Structures are given as structure tokens and as C-alpha cells.
Trainee: 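The structure's right below; bear with me while I get my questions together.
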Number of protein chains: 2
Amino acid sequence: MTEGSTTTLGYAILGLLAREALSGYDLASRMRARVGFFWQARHSQIYPELTRLEEGGLVTHHVVEQSDRPDKKVYRITDSGFAALSEWVTEPPPGPRAARDELVLKAYSLWLAEPELAVALFRDQEEVHRERLLEYERIEGWMEKEWGEDILRTESPRFASYAALQRGIINERGYVEWCRWVAEQLERGKGGAG
Amino acid sequence: MTEGSTTTLGYAILGLLAREALSGYDLASRMRARVGFFWQARHSQIYPELTRLEEGGLVTHHVVEQSDRPDKKVYRITDSGFAALSEWVTEPPPGPRAARDELVLKAYSLWLAEPELAVALFRDQEEVHRERLLEYERIEGWMEKEWGEDILRTESPRFASYAALQRGIINERGYVEWCRWVAEQLERGKGGAG
DNA sequence: GCCTTCATGTAAGAAGTTACATGATTGT
DNA sequence: ACAATCATGTAACTTCTTACATGAAGGC
């Protein structure tokens, strides 16, 4: 195809390339570090997608030769890539299809669990999400310190980064709250509520 | 395989069958209504999975003949199904792999959007999630009224249903909060923050 | 006449994960 | 010696979605 449209993964990649030119390898690590909490992709998915984006004219690449390490292909977003991304941003997402959470599924069958193991699971998950929350709050602090007022300038990519991070923070807070509540109920229940 | 293990979808099905015997068709509608906010599956995925579960000895079925409508296969969880489910519940989930949210991805590229369209998108999504929250809170109220103290008896399936629902409520509250915050920032920004 | 509900399946394709494959440099 | 980082790809597989296929009963 030569059209100006792509998959959701494609838009995730374009969103990163709209900020800076990157290699496939760098994109993969940015995926983990920057947008990892709401979209992930392995390099095995990224490389083919970059090829398709280039076929569609949304990105281009040039080879950067390096002496000490392997050469790399640095990808840059094109005007038509910017156009496609800008259009996609405000299109309503087609229903929140993929909301899959295995822990909530486990909660749904919690009545079958051994109480001590169940408490351990939810205390453990509470801790996992508390750590993640702390991590996000550290990034938040860094953004506020380094970027100052830019984080509230809606025409700046910094605002967009900050806004996405806020979703992560709110989500983790809720997750911690929920895990703690479940664990407390289980602990209270252990005493024996007939 | 004749072993006592299955996929996550398999456990989702077992979680429903642990409460009541159901046909594939009923399972599909329960998936939408009961566990739809944290796990979904179409009938095209459910029917083959039921066959696999039966091959693994985790469920059995018997045909119920009906005069006014098509005959159906009613599936029942087996002892070995209960055992597999009970074991799985307290096993730690293998990292929260699938946390994909297209709206957060859009937020990440919001700086490229037309401000009015962006506000419209987030006000719209705020409304969508507010409605969903209201729906969940209605179910919560129904559970509290109909089930009374059972919802806090951790050995009861009603507690498990209530706990899963709580995750949905907390999540939607956070989502609404975030959408409103983003929309407010965009509206404030429209005036012109230099 | 047409749509919805009930009822069960298969087929084709898209999306995502895990594993295979290679190879240099730098740090422990 | 061993592992990690940088760097790019392919192959096989699982998972999930969309579409195809059929057919009766009941409501509008």
C-alpha cells in the first residue's frame, strides 16, 4: 500500500519518531521505557512494521555507518507520516476492545484459593504496583523539574508525554488501592466469617 | 493433551463454569456481561476452547434437547477442572504483559492535534467511561442489596464477583478523572499559553 | 418481509510472542 | 570465560478478530 494509514503499532512508532529520528533498536528500547506501560512491542514486530511504514511513505531511513559497533538504519518521519499521525490522534478509538487483566480473572475465582496463598499473591502484586507507581512518580518529578511550565503547554510534545504518564500514575494508584483492599478482606476473612 | 492445565481463556471459562453449568452460547454472553471488562472472547474462540478443555478432562458436556429452539451442549466443570482452577488462582501472573490502551497512545501525540478535536475526543471518552462507571456502580448497588453480607465472605463466589467488579469501578473512576484532566488542560491551553 | 435471539461451528487473517540466527565490542 | 549492549532480521507459533455458514422461532 501507498496510502497514509497504518496499524496501531504503526502510530505508536510514528509517535516516537515524531519526537526524534531513531533506529529500530532504539525504538524497541523507547517502547519499553517511554510508552511501555500502555503499548509494547518486541523488535521482531518493530522491524517488519518499519518496512511497511516506509513502503507507505510514512517514514524514510538512512544508514549510519559506525566503526566500533554495527551500522544502523535511522528512521525519520515524513510529512505524510506527520499528516497521518495528526489525523489519527483525534479519531475516536474503536471501543476499548483489549482490556485483559489476568489478576482480575484470578480475583473472580478467589473463593477457590487457599487463603494464605491468596493473601500472599495480592500483597505481592500490591508491592509490584507500588514500585511501579514510585517509578512513575520519580519520572513525574523529573519532568516537572526539568521541563517546568512546558508540561502544561498543550502544543508541546512535553505536555503529551506528561499527559500519558499521568494515566500511568492514576492507573497504578488504583491498582495498589484495589490489591490492598482485596488483601485486607482476605486477611479479615481468615479469622472466620461464618 | 490430557493434562490439568490450559490457557488463560480456559481459566476464564472455568471460572464461569465453577459457578454454574453453561452452554457455549451462554458462556459467550456471560463473557460480555460478567467478565467483559477484564477479559473478552467471541464464540469463535470459545467453542474450540471448550473442545480442548473437554479433551483435557477439565469439563464435560451433555446435550439438552429443546423443542422450540436448537438443542444445546451444556458444559459442566469436573473435579479435575476445579483442581486446575484452584491451583492457577494463586500462581503469580507472568508480568502484566498486555496493557494496551489506544487512547493513551493518542494522548502521547496530542501536541499534533487540532485543539478543538482533541477536546471533543477527551470529553467524549470521559462521557463513555462515566457511563460505564455508572453501570458498574448500579451492579455494585444490586450486589450489596441482593447479596448482603455474602459479598464480604471471602470463601463465597459472591465475594470474588464483588472483588472483580471493584477493580472495574476503581479503574473507570481513574479513567474519568484522567480524561477530565486532559480535557481541562486542553481547554485552558486553547486561550493561548505562550 | 426483516431483524433479533438462540445455537454451533469453521476459515482466513491480523496481531503478538518466543525462538532462531549472526556478530562485534566492552565490562566483570 | 561469560554476560551485556548494540544491531538487524526471519520463522514458527499462539492468540484474537472478522467473516462465512446454517437454521428455526418469534416479534415488528
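Treat the numbers as computed from the prediction; the structure is a model and nothing was measured. Chain letters run A, B, ... following the sequence lines, proteins first, then strands; residues in each count from 1.
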Trainee: Under a plain distance cut-off of 3.5 Å, with no hydrogens placed, do A/Arg19 and A/Ser161 share a side-chain donor-acceptor pair?
Mentor: yes
Trainee: Indicate whether OP1 or OP2 belonging to C/dT18 is found under 4.0 Å from a side-chain N or O atom of A/Arg42.
Mentor: yes
Trainee: Whole Å only: how far is the CD1 atom of A/Ile46 from the C1' atom of C/dA15?
Mentor: 14 Å
Trainee: If you look at every heavy atom in A/Ile46 and A/Ala41, which pair is closest and at what distance?
Mentor: CD1-O, 3.8 Å
Trainee: Tell me which pairs pass side-chain hydrogen bond (donor to acceptor under 3.5 Å, both in side chains) where either residue lies in residues 41-50 of chain B, with sequence neighbours left out.
Mentor: B/Thr6-B/Glu49, B/Thr7-B/Glu49, B/Glu49-B/Arg52
Trainee: Among residues at least two apart in sequence or on other chains, which ones pass side chain to side chain donor-acceptor pair (under 3.5 Å) with A/Ser23?
Mentor: A/Asp26
Trainee: In chain order, what residues pass the side chain to side chain donor-acceptor pair (under 3.5 Å) check against B/Glu91, with sequence neighbours excluded?
Mentor: none
Trainee: On the nucleotide D/dT17, are OP1 or OP2 found under 4.0 Å from the side-chain N or O atoms that A/Arg100 carries?
Mentor: yes
Trainee: Enumerate the protein-to-nucleotides 4-10 of chain C contacts in which both atoms are nitrogen or oxygen and the separation is below 3.5 Å.
Mentor:
{"unit_1": "C/dC6", "atom_1": "OP2", "unit_2": "B/Tyr25", "atom_2": "OH", "d": "2.9"}
{"unit_1": "C/dA7", "atom_1": "OP1", "unit_2": "B/Gln66", "atom_2": "OE1", "d": "3.3"}
{"unit_1": "C/dA7", "atom_1": "OP1", "unit_2": "B/Gln66", "atom_2": "NE2", "d": "2.7"}
{"unit_1": "C/dT8", "atom_1": "OP1", "unit_2": "B/Lys73", "atom_2": "N", "d": "2.8"}
{"unit_1": "C/dT8", "atom_1": "OP2", "unit_2": "B/Tyr25", "atom_2": "N", "d": "2.9"}
{"unit_1": "C/dT8", "atom_1": "OP2", "unit_2": "B/Tyr47", "atom_2": "OH", "d": "3.0"}
{"unit_1": "C/dG9", "atom_1": "OP1", "unit_2": "B/Lys73", "atom_2": "NZ", "d": "2.5"}
{"unit_1": "C/dG9", "atom_1": "N7", "unit_2": "B/His43", "atom_2": "NE2", "d": "3.4"}
{"unit_1": "C/dG9", "atom_1": "O6", "unit_2": "B/His43", "atom_2": "NE2", "d": "2.9"}

Trainee: Check the surroundings of atom CD in B/Glu149: do more than 12 heavy atoms from other residues, nucleotides or ligands lie under 6.0 Å from it?
Mentor: no
Trainee: What's the CD-C1' distance between B/Gln40 and D/dC16, to the nearest Å?
Mentor: 10 Å
Trainee: Taking the six-membered ring for Trp and the single ring otherwise, decide whether the centroids of A/Phe122 and A/Trp181 are under 6.0 Å apart.
Mentor: no
Trainee: May I have the distance from A/Leu50 (atom CG) to D/dT10 (atom C1'), rounded to whole angstrom?
Mentor: 15 Å
Trainee: Which residue pairs pass the side-chain hydrogen bond (donor to acceptor under 3.5 Å, both in side chains) test when at least one of the two sits in residues 59-71 of chain A, sequence neighbours left out?
Mentor: A/Glu54-A/His61
Trainee: Could you state the atom-to-atom distance from CE of A/Met31 to P of C/dA15 in whole Å?
Mentor: 14 Å
Trainee: Roughly how many Å is it from CD in B/Glu102 to P in D/dT17, rounded to a whole number?
Mentor: 14 Å
Trainee: Take the protein atom CD1 of A/Ile13 and the nucleotide atom P of C/dG16, then report the distance between them rounded to whole Å.
Mentor: 11 Å
Trainee: Can you measure B/Arg52 atom CZ to D/dC16 atom P for me and round it to whole angstrom units?
Mentor: 10 Å
Trainee: Angle between the end axes of the helix from C/dG1-D/dC28 to C/dT28-D/dA1, five pairs per end, to the nearest 10 degrees?
Mentor: 30°
Trainee: Centres of the A/Tyr108 and B/Trp39 rings: under 6.0 Å?
Mentor: no
Trainee: If I take atom CD in residue A/Glu49 and atom P in nucleotide C/dT17, what distance separates them, rounded to the nearest angstrom?
Mentor: 13 Å
